[in-house]
Amino acid sequence: MKILVLGPGAREHAIVLSLLSEDAEHSIVCAPGNAGIAASGVETVDLAFTDPDAVTKFVSDRGFDLVIVGPEAPLVAGVADPLRAGGVPVFGPNADAAQLEGSKAFAKRIMDEAGVPTGRAAKVASAAEAGAVLDEFGAPYVVKADGLAAGKGVLVTEDRDAAIDHIATWAPHGEVLVEEFLDGQEVSLFFFADGHDVVALTPAQDYKRIFDGDQGPNTGGMGAYSPLPWLPGGTEAFIEEIKRDVAIPTVRQLESEGTPFIGLLYCGLIVTSKGVKVIEFNARFGDPETQVVLARLESPLSAYLLASANGELASLPAPTFSDEPAVIVVLASEGYPGDVATGREITGLEAAEAVTGVHLVHAATARTQTGGWIATGGRVLGVVSRGQSFAEARARAYSALNEIDLEGGQFRTDIAERVA
Ligand code: AMP
Ligand code: GLY
C-alpha cells in the first residue's frame, strides 16, 4: 500500500516502524516526520500537516491508499474531512467527532448521553464563581480547560489558590470544568473504530509526571509499559468490560448524532474502588503508550487501520499481542516540561540501539552536518525494550539509556518498577 503518516513525533515513528515490520511491503511517506523517521529509511516531507488544504493537495498530487493522522491538532483542524469526502481512506476522525478530544465539555456530554461511567463535573465560567464550586467538590481539586492545551489544561492539586489561579488563567479562553477527583491506577486502552464497530488493542500504563514517584508537573508522558498484570479480572475481562461499557456506547452515540468516529478511540481510564471510570478520551494514538502497544502487536497494523477507514472492522479477527512485556523510557531535555535547552549534542545512540531487545523512537532530534545528533525539543526520544519479564525489559531499557549522553537530559528511573 501507499501510506501517508501525518505527524512529527515518536508516536508516528512507532507507527512507521510497525508498518515497516509487516510482511507486506508498503511505500510509506511521513509528513513532516522527523530525523529519526528519516533514519529508518522512510521519506519525510516538509508539509503544513495541520492545514487541510495543504494536506489535500499533497494527497491528490501523490496519491495514497491510506492516510493515517497521528496527532490531535490536524484532526481538530479538520484535516480528515476533505480527504474522506474525496474518497481517500483516512484513519482519523473528522473534526466534529474529534471534538471528543478537542472539547472536554463535548466529551462529558457524549458520556452522559451514552451512560459511560465518568467523574461528576461542573462548568465554571469565571474565577468569581470558582470558590463555591471548588468547595462543593472538595480537595484534591481537578480543573480542566475545555480545549486542546498541549497537556497544560489539566491541573490536579491540593492547593485551592492554585486551582483558582488555573481557572482564572483558562476561563477567558473558553469553558473550564471542575471535576470530581478519581483515585486509582490509570489505564490507557485503545480501540480501532470504524464509525460503528470497535476492535480493542491491549492496555498500557503511562507515567505523566516528570519525576520519579509521580512527583512534579504533568508532561506529555515520560514512560509506559504493557501489559498490565494487575488488572482486576485479568486483561481479557477488563477489555470486554471497557468495550461494552465505554467504547461501544461512545462510538454508537457519535454515530447516532451523525458524527461517526473513524480512527483511534483512546480511553483514558482510572480503576477506582467503585469501578472503572473515564477521565478523558483522545481521538488518536497515545504517546508514549503506542510505542509499547505496537511493540507487542503481532498482527499487521495496516489491515486494522484500513478496515477502520473503510468501515470493515467486523470482518477482521482480534489482533494478537506478544506475551513479552514492553517498556518505554522517555529521554527529555533539561528544563522540560518548562522552557527547555535545545541544540545539545546527543551521543551513544548506536550503542543504545545495539542492546538486545531495544529500539529507539525519535521525537525531537536533528542530524548535524557531520552525521551526529542534536536534541531539538522537550521530549527527545524514547527507548523501547522488550524482554521475557518486566525486570528484563527494564534492565535493557536502562542499560541502553546508560549509553546515551545528553547534557542535562532527564528520564524517570521508576518506569514499570511497580510491575517488575
Ligand atoms: P487528562 O488530560 O484529562 O488526561 O488529565 C491529565 C491527567 O490528570 C490524567 O492523566 C490524570 O493523571 C489526571 N486527572 C485527570 N482527571 C482526573 C480526575 N478526575 N481525578 C484524578 N486525576 C485526574
Ligand atoms: N500519553 C497521554 C496522551 O497521549 O495523551
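We use all heavy atoms of the structure for the numbers below, so side chains are in, but hydrogens, waters and symmetry mates are not. All ligand and atom numbering here is 1-based and tracks the order in the structure. Throughout, residue positions are numbered sequentially from 1 according to the sequence presented.
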Close-contact set for ligand 2 against [X] heavy atoms, below 4.0 Å:
X: Gly220; answer: 1 (N)
X: Gly286; answer: 4 (O)
X: Glu289; answer: 1 (N), 2 (C)
X: Asp206; answer: 1 (N), 2 (C)

- Task: Run down the list Arg120, Lys208, Glu186, Arg209 and name the one with the heavy atom closest to atom 12 (O) of ligand 1.
- Result: Glu186
- Ignoring hydrogens, just give me the one of Lys144, Glu179, Glu280 whose non-hydrogen atom is nearest atom 15 (C) of ligand 1.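 Going through Lys144, Glu179, Glu280 one by one, Lys144 has the nearest heavy atom to atom 15 (C) of ligand 1.
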Charged N to carboxylate O below 4.0 Å: is that the case for [X] and [Y]?
X: Arg412; Y: Asp214; value: yes
X: Glu186; Y: Lys208; value: yes
X: Glu175; Y: Lys108; value: no
X: Glu179; Y: Lys277; value: no
X: Arg252; Y: Asp197; value: yes

- Query: Does ligand 2 have an atom under 4.0 Å from some heavy atom of Ala224?
  - Reply: no
- Return yes when Lys277 approaches ligand 1 closer than 4.0 angstrom through a heavy atom, no otherwise. no
- Item | Numbered atoms and elements of ligand 1 in range of Lys104, under 4.0 angstrom, heavy atoms | 1 (P), 2 (O), 3 (O)
- Query: Counting each atom of ligand 1 from 1 as listed, which ones have a heavy atom of Phe181 under 4.0 Å away?
  - Reply: 20 (N), 21 (C)
- Query: Do any nitrogen or oxygen atoms of Val156 lie less than 3.5 angstrom from nitrogen or oxygen atoms of ligand 1?
  - Reply: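 Checking ligand 1 against Val156, no N or O pair falls under 3.5 Å apart.
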- Message: I want to check something: taking the side chain as every heavy atom from C-beta on, are Tyr141 and Leu155 in contact at a cut-off of under 4.5 Å?
- Response: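 No, side chains not in contact.
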- Message: Using 30° and 60° as the class boundaries, would you call the ring planes of Trp373 and His362 parallel, tilted or perpendicular?
- Response: tilted
- Parallel, tilted or perpendicular: which fits the ring planes of Tyr207 and Tyr225, with parallel below 30° and perpendicular above 60°?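 Rings of Tyr207 and Tyr225: tilted, 30 to 60°.
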- Item | ligand 1 versus Val142: contacting region, heavy-atom distance under 4.0 Å |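 The answer is the side chain of Val142.
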- Short N/O distance, under 3.5 Å, between Lys208 and ligand 2?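 So ligand 2 has no N or O lying under 3.5 Å from an N or O of Lys208.
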- To which protein heavy atom is atom 8 (O) of ligand 1 closest, and what is the distance rounded to 0.1 Å?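 Of the protein heavy atoms, Val154 CG1, 3.6 Å lies nearest.
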- Item | Shortest protein heavy-atom distance from atom 20 (N) of ligand 1, along with the residue and atom involved | Leu182 N, 2.8 Å
- Message: Quick check on Lys123: does its NZ atom have over 12 non-hydrogen neighbours (other residues, nucleotides or ligands) under 6.0 Å away?
- Response: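 Atom NZ in Lys123 is not packed in, count stays at 12 or less.
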- Heavy-atom contacts under 4.0 Å between Arg284 and ligand 2: side chain, backbone, both, or neither? side chain
- Side chain, backbone, both or neither: Phe285 near ligand 2, heavy atoms under 4.0 Å: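 The answer is neither.
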- Item | Of Ile37, Leu66, Leu20, Ile15, the residue whose pairing with Ile28 passes side-chain contact (heavy atoms from CB on, under 4.5 Å) |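 The single option meeting the side-chain contact (heavy atoms from CB on, under 4.5 Å) with Ile28 is Leu20.
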- Do side-chain atoms of Ser40 reach the backbone of Val42 as a donor and acceptor pair under 3.5 angstrom? no
